Protein chains: 2
Amino acid sequence: VTGVEDRRRELKAALIAAADRAISGHGLAGIKARELAKEANCAVGAIYNVFPDLDALIFEVNARTLALFEQFVAKVEVSPPRAKAAGSEAVGKLVRLATAYLDFAAANHARGRALFDHRVEKPDGEAIPDWYVAEQARMFGLVEGPLRELRPDMGDEAVRLFARTMFSGVHGVVNLGLDAKLLALPPDVLRGQVELLVRALADGLLAERPERRKR
Amino acid sequence: VTGVEDRRRELKAALIAAADRAISGHGLAGIKARELAKEANCAVGAIYNVFPDLDALIFEVNARTLALFEQFVAKVEVSPPRAKAAGSEAVGKLVRLATAYLDFAAANHARGRALFDHRVEKPDGEAIPDWYVAEQARMFGLVEGPLRELRPDMGDEAVRLFARTMFSGVHGVVNLGLDAKLLALPPDVLRGQVELLVRALADGLLAERPERRKR
């Protein structure tokens, strides 16, 4: 039995590695059962002995991308702020997170896109695996922290939701910019726009704090 | 010669109509020469007698989408604001524009995506037709107006650029939301998030005005 388990584990690892290369190269479009099987040196049907479907492989690769992004951000956070933070430290944190996302997406374009191109809900209504939801939540936690500092009056659910919205907005600017769709900008100009966007957003949240509204 | 010109005009119109149906149904992926020719009742080669390439057809359809969006926004702008504008009228205008974009994208999903999925620069470096650039600029003008009201200190080029960045950000939230990618939200929650995002962004721009900084 151990031999069988070992073989399963090896096959899983080989398929994840093949899926990782495919997504790094061509994004989600690179995920094709026949080619993955060829790369992992197994029959096409064998894939489905170790994974329920190809989606499961995509979740594995996307989880690796999330981990890479977290490592990337951790490096940025220990380095000093690039620009003098005009106001709260939380504003500066959000700006640094956004530019880190830009840098990460520029260096890992196809990987980064796969993170967002994968549907949240499967067409058959099947839920996303809990372990992946937890990985994703940890990434959004990076945004939730400074957001909570900016707006301690916001409830947990509101913070959770708005962190995802902010991320989606930054993702839109970064990816339309990187793809030269709508925005065809030199890298430093794109970086400047991301900074302007997130700084204005954070400053606005600060200006909208209930304490500050009452004059 | 008139008969030839008439036939060319008819063929162009038939191809644009076919491309419009294809994009409305399946986005850019729906644009296939063979199927367009079949729908327009011509040979595949005949397409290239009246259009330089399929990109030219996409620009025609996208220009229609831009016109539809402008008509849609015009209706919204004459109606009274949905929520009491907290502060400047320009903030309210930007929020209404963003929610109009959400509503338009929800009702015209595939069309709307095609507007953003089409590359700004062709791979061969060939420029986008000037007439299309002008149409696009008119749409961004809708954002530039209130942005200029908010920040009269910003230069023309800065306003032009940041209007596109704001649009890209809203596009990111709207489309990740509508596609149930990253954000799988009920429509009214998505609308609330778009409003929060744009209001904070606009309030931040207002708070960052140089006059206000000097205390």
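Side-chain atoms are counted along with the backbone in the values below, which use heavy atoms only and exclude waters and symmetry mates. The chains referred to below are lettered A, B, ... by the order of the sequence lines, with proteins before strands, and numbering in each begins at 1. Keep in mind that what you see is a predicted model, and the values were worked out from it rather than measured.
- Note on B:Gly169, B:Gly192, B:Ala200: by heavy-atom pairs under 4.5 Å with chain A, the leading option is B:Ala200.
- For B:Asp188, there are no salt bridge (charged side-chain N to carboxylate O under 4.0 Å, His left out) partners two or more places apart in sequence or in a different chain.
- With a 4.5 Å cut-off on side-chain heavy atoms, A:Val189 and B:Leu161 count as touching.
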Give the table of side-chain donor-acceptor pairs shorter than 3.5 Å for residues 24-35 of chain B, with sequence neighbours excluded, one pair per line with atom names and distance.
| from | atom 1 | to | atom 2 | distance (Å) |
| --- | --- | --- | --- | --- |
| B:Ser24 | OG | B:Asp20 | O | 2.8 |
| B:Ser24 | OG | B:Asp20 | OD1 | 3.4 |
| B:Ser24 | OG | B:Arg111 | NH1 | 3.1 |

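- Interatomic distance, CG of B:Leu201 versus CE of A:Met166, reported as 10.0 Å (0.5 Å rounding).
- Taking all atoms of both residues into account, the shortest heavy-atom contact from A:Phe162 to B:Leu196 is CE1-CB, 3.6 Å.
- Atom CG of B:Asp203 and atom CG of A:Asp203 lie 10.5 Å apart (nearest 0.5 Å).
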